[in-house]
Amino acid sequence: MGTTMYYLALASDYDGTIAEHGAVDQATFDALCELKRSGRRLILVSGRELPDLQRAFPELELFDLAVLENGGLLYEPATRTETVLGEPPPAALVERLQAEGVEPLSVGRCIVATWTPHEHTVLAAIRELGLELQIIFNKGAVMVLPPGVNKASGLHAALERLGISAHNVVGVGDAENDHAFLAECGVPVAVANALPALKEAAEIVTEAPRGAGVAELVAAMLANDLDDPRAALRRRVPFARPVDGGDAAAMIELDPRDGATLIAGISGGGKSTIATTVLERFVERGFQFCVIDPEGDYGEFKGAVVLGDAQQPPALEDVVELLGPRMENVVVNLLGFDIDERPGFLARLLPEIQRLRAQVGRPQWLLIDEAHHMFPREWVPAEAVVPECLPATLMITVHPESLAPKLAQTATTVLAVGSDPKRVLEEFAEVSGKPVGEVPAAPLEPRHGILWRDGKVQEVEVDPPKERLKRHVRKYAQGDLGPDRSFYFRGPDGKLNLRANNLMIFLQIAEGVDDETWLFHLQNGDYARWFEGAVKDDRLAKEVRELPEQADPATSRRAVKEAIERLYTVAVKAQD
């Protein structure tokens, strides 16, 4: 993420991972201290009970939080606060095991623990007493816990306390009870002495065992934020697949540590469809996202909270609250702002998003729709507001040439869609100063585009979304599109100034204007351009363009009215 750390925390097992024979050596301790000084958080995830661990490792305050009793207890060393994460051990079970002579036997705040070969006695007691408990093994240890309580559930509680996403956590362990919490981490790591099954499940296996392996991992995090291809497997998001050449099944992926991705092309070229597919993948993988929605087109997207509408603009503090402490996906609807106010709002929000990313790694992704409205080419403050690198960001626009140059320069990937991808990439090259090379001019199939990345271009295909983004037909039919997106009947001499701020008002005015005015705009292509650009309806624009040039005013008025009523009146009633 440019200069911002992506991996903000290390979650580590204790025995067999940072500790050997119950003790942490000086080199491992020093490495952990150095990682803590880098601003990262340290989380201990252990099966041990608190008094036992405090005796073995008096320096427990090095860790921000400790998940103990295999997920049953959350301990904050700085405040010595204990939070029990499950029901206490049933007294009947403890009494039965004591009567059966199970030794050693320890009873914690949530856990009952012993060693093999007592697992058979423990299981029989649980069955006979009719208890709903689970047995977890850790090499020779036998741990009894409430259902659903394990290292993964404990880590989840710790990360919720810190406000950090598991995607931004590196986890390291060595034994079978580490499977659960490592599976939740952005990068699961096994030390060299780990059990074979854990090594197989991990993305990275250290060369050195135990504490030396953890020190090796810490060194990589400090050197380059774990810039390792193996670490990238869980943070990348499938984006598109090549159409020709290479392995067609191999997906081209988006990496949040890369620069921005620009999706550009004419209205109806598939930009919103592609954006919806990518947003669905964010949801599937549990990545938090924020959508900047200038025109209210993402209000129906599932899995996100919508702030703002045409009457009420969103409050900056509400957006930050939902993204930060409440960890929600957010769609920021800017229709309530005048068009010239929208860049200023994003200019205030963008630093807050950067601050959240630096502190807690969230939101992992940002999508800016209609980016040419948010950072227009002539908007002078863009030079100061837009950072040199804008990672994990998708920008959507019709014409790249309309973007602020500083914003265009942040793009390291461009997907050109629509009927003229060559022109789109040429516009990007002109505004960004980045050469794009030779671009094919052949027409594209639906959901196809020309991808530019690393100086190379290739045709790609994007999978369709599971759910199509519903167009806000009521907004276009009955809402207020605002002065900048309204249609103005002016006539051939510019004597009129009749504003239609939606399709129904358009039809009312169309009924009353004189024939000369009506035909002037029809033959000039003004209606079709408005339907395509402001209303974003290529079907309607196509029908109007195909009207015969010799059509008389009454016939063409009737045809346009019938098309609008067919496409919008029925749709509006269906939403009621």
Side-chain angles (χ1 to χ4, degrees), residues 10-36 42-78 80 82 89 102-119 135-145 150-151 154-155 158 170-182 189-199 202 205-218:
L10 175 67
S12 176
D13 173 51
Y14 186 75
D15 291 288
T17 303
I18 63 170
E20 183 174 7
H21 303 305
V24 178
D25 65 34
Q26 190 63 46
T28 304
F29 182 80
D30 290 345
L32 293 172
C33 289
E34 190 173 359
L35 190 69
K36 185 74 175 288
L42 292 177
I43 306 168
L44 190 64
V45 188
S46 173
R48 288 200 183 214
E49 295 166 35
L50 179 58
D52 179 39
L53 182 62
Q54 289 172 322
R55 287 190 294 270
F57 186 61
E59 300 86 356
L60 192 54
E61 287 192 9
L62 173 63
F63 288 86
D64 295 273
L65 290 171
V67 176
L68 305 176
E69 299 192 12
N70 212 71
L73 180 70
L74 182 63
Y75 178 66
E76 187 172 359
R80 300 184 180 181
E82 300 178 34
V102 174
E103 287 288 344
L105 182 68
S106 63
V107 182
R109 304 289 298 277
C110 191
I111 194 173
V112 175
T114 184
W115 293 83
T116 56
H118 294 302
E119 68 272 19
I135 297 177
I136 296 175
F137 296 94
N138 178 27
K139 295 181 179 177
V142 179
M143 297 175 286
V144 181
L145 287 156
N150 56 28
K151 284 189 173 184
L155 177 64
V170 178
V172 59
D174 76 306
E176 57 263 60
N177 67 327
D178 295 325
H179 277 283
F181 96 88
L182 291 186
V189 181
V191 285
N193 57 290
L195 297 178
L198 194 73
K199 289 182 180 181
V205 178
T206 64
E207 294 184 7
R210 301 178 182 85
V214 175
E216 173 190 324
L217 176 62
V218 167

If you compare all heavy atoms of [X] against all heavy atoms of [Y], which two are closest, and at what distance to 0.1 Å?
X	Y	answer
G173	A194	O-CB, 4.1 Å
A66	P77	N-CD, 4.4 Å
V107	P89	CG1-CG, 3.8 Å
R48	G22	NH2-CA, 3.6 Å
A158	I43	CB-CG2, 4.3 Å

Residues which pass side chain to side chain contact (heavy atoms under 4.5 Å, CB included) with [X], listed by chain and number, not counting sequence neighbours:
X	value
P117	E119
Q26	F29, D30
D25	A27, T28
E76	L65, T79, T81, R161

Quick one: pull up [atom1] in [X] and [atom2] in [Y] and give me the separation to the nearest 0.5 Å.
X	Y	atom1	atom2	value
S106	M143	OG	CE	10.0 Å
E82	L73	CD	CG	5.5 Å
L145	N150	CG	CG	8.5 Å
C33	L62	SG	CG	5.0 Å
R80	Q54	CZ	CD	7.5 Å
Y75	L68	OH	CG	9.0 Å

Given the rule in the side chain to side chain contact (heavy atoms under 4.5 Å, CB included) test, do N138 and E176 qualify, once you have shown the distances and angles that lead to the verdict?
CA-CA 6 Å; N138 178 27; E176 57 263 60; 4.2 Å; yes
When V172 is tested against each of I18, V45, V218, V191 for side-chain contact (heavy atoms from CB on, under 4.5 Å), which residue passes?
V191
Quick one: does T114's side chain have a donor or acceptor within less than 3.5 Å of a partner on L105's backbone?
no
Do [X] and [Y] have side chains that approach each other closer than 4.5 Å (heavy atoms only, starting at C-beta)?
X	Y	result
V142	I135	yes
F63	Y14	no
L32	L10	yes
L60	L50	yes

Show me the side-chain donor-acceptor pairs of residues 207-215 shorter than 3.5 Å, one per line, residues at least two apart or across chains.
none

Does anything in residues 62-73 form a side chain to side chain donor-acceptor pair (under 3.5 Å)? List the pairs, not counting sequence neighbours.
N70-N177
Closer than 4.0 angstrom, basic N to acidic O: yes or no for K151 and D13?
yes
